[in-house]
Every structure is written in C-alpha cells, then in structure tokens.
Novice: 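First the structure, which I've put down as structure tokens, then a few questions once you've had a look.
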Amino acid sequence: MSTLFEKIIAREIPADIVYEDEFCLAFRDISPQAPVHVLLIPKKPIPRVGEATEADQALLGHLLLKVGVLAETLGLKDTDKGFRIVVNHGRDGGETVPHMHIHLLGGRPLTWPPG
Ligand code: 5GP
C-alpha cells in the first residue's frame, strides 16, 4: 500500500507543490510550524533517512542541494533571515509519515534546543 506522500507524488492527494524535478517533490506542510514550512521528499520511497543506502548517495546529495534552491525561492536564504532543516527518524524523532522527508522551516526565529 502506498504512503500518504506517495499519493501526493502521484497526485492522488492534493498538495501545495512549490518545487518538482525528476528526483524530488516539495510541498507546503498541511500543519505549518512556521510561516514557511515545506516538506522536501525523494520520489523514491525511502522510509526514513537511517534506512537510506549507499545506492542513495547521489539522491541524498540532490535533496540537500535543493534545500538551498528552495530557500532562495522562498526568500529564506539570506543569513539575516535563514531557515532550519529537520529530518525525523522513528518514534523518538517524531516521525509520523514513513517516507523520508526534509522539513524546511523559516520565516520566524527558531529556538534551540528543539522540543
Ligand atoms: P514527520 O512528523 O513524519 O516528521 O512529518 C510529517 C509531516 O507531514 C507533518 O509535519 C505533517 O503536518 C505533514 N502532513 C501530514 N499529512 C499531510 C498531508 O496530507 N498533506 C501535507 N501537505 N502535509 C501533511
């Protein structure tokens, strides 16, 4: 059975898509935790980051490079603004959707440590 994010990739569930290419898709989180909250996902259904393999090396690099592109597009890249990326793995990490995703958060000061 396909996951929620696979359904978004397949356009079976609507989403506010902000970026797409051959390897990845980015869309706004349905429950934003900051003025800008985008999820960047690989189209390949890697369940969670810790289960990526050597075969995913280029894909993981691609995703991180696209973070910069997205941050620029969304107006967050200047260092007097900025952003945070978060990748949750498993229960204690706060993962709720078993398809790897990078949260890109910005548009307000973000505190540290996270909750
Ligand atoms: P996780 O908790 O697994 O790191 O992140 C999953 C994220 O997916 C959450 O921030 C949640 O708000 C978001 N989410 C859950 N369902 C949907 C949905 O149907 N559409 C969108 N755009 N985001 C969703």
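Every number for a ligand or one of its atoms is a count from 1 in the order of the listing.
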Novice: Could you state the interatomic distance from NZ (Lys44) to CG (Leu60), rounded to the nearest 0.5 Å?
Specialist: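 Answer for the NZ-CG pair, Lys44 versus Leu60, is 9.0 Å.
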
Novice: On a heavy-atom basis, which atom in Ala26 and which in Val38 lie closest, and how many Å separate them?
Specialist: CB-CG1, 3.8 Å

Novice: Can you confirm if the aromatic rings of Tyr19 and Phe27 lie within a centre distance of less than 6.0 Å?
Specialist: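 Not under 6.0 Å, so no.
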
Novice: Quick one: list whatever passes side-chain contact (heavy atoms from CB on, under 4.5 Å) with Lys43, sequence neighbours left out.
Specialist: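 Counting only residues at least two positions away or on another chain, Lys43 forms a side-chain contact (heavy atoms from CB on, under 4.5 Å) with Ile9, Glu20.
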
Novice: Would you give the length of the straight line joining atom CZ of Arg48 to atom CE of Met100, rounded to the nearest 0.5 angstrom?
Specialist: 11.5 Å

Novice: Distance under 4.0 Å, heavy atoms only, partner ligand 1: which residues pass?
Specialist: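 Around ligand 1, where the cutoff is 4.0 Å for heavy atoms, the contacting residues are Leu4, Phe5, Ile8, Phe27, Arg28, Asp29, Ile30, Ser31, Leu39, Asn88, Gly94, Glu95, Thr96, Val97, His101, His103.
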
Novice: Is it true that the side chains of Asn88 and His101 contain a donor and an acceptor less than 3.5 Å apart?
Specialist: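 His101 and Asn88 do not have a side-chain donor-acceptor pair below 3.5 Å.
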
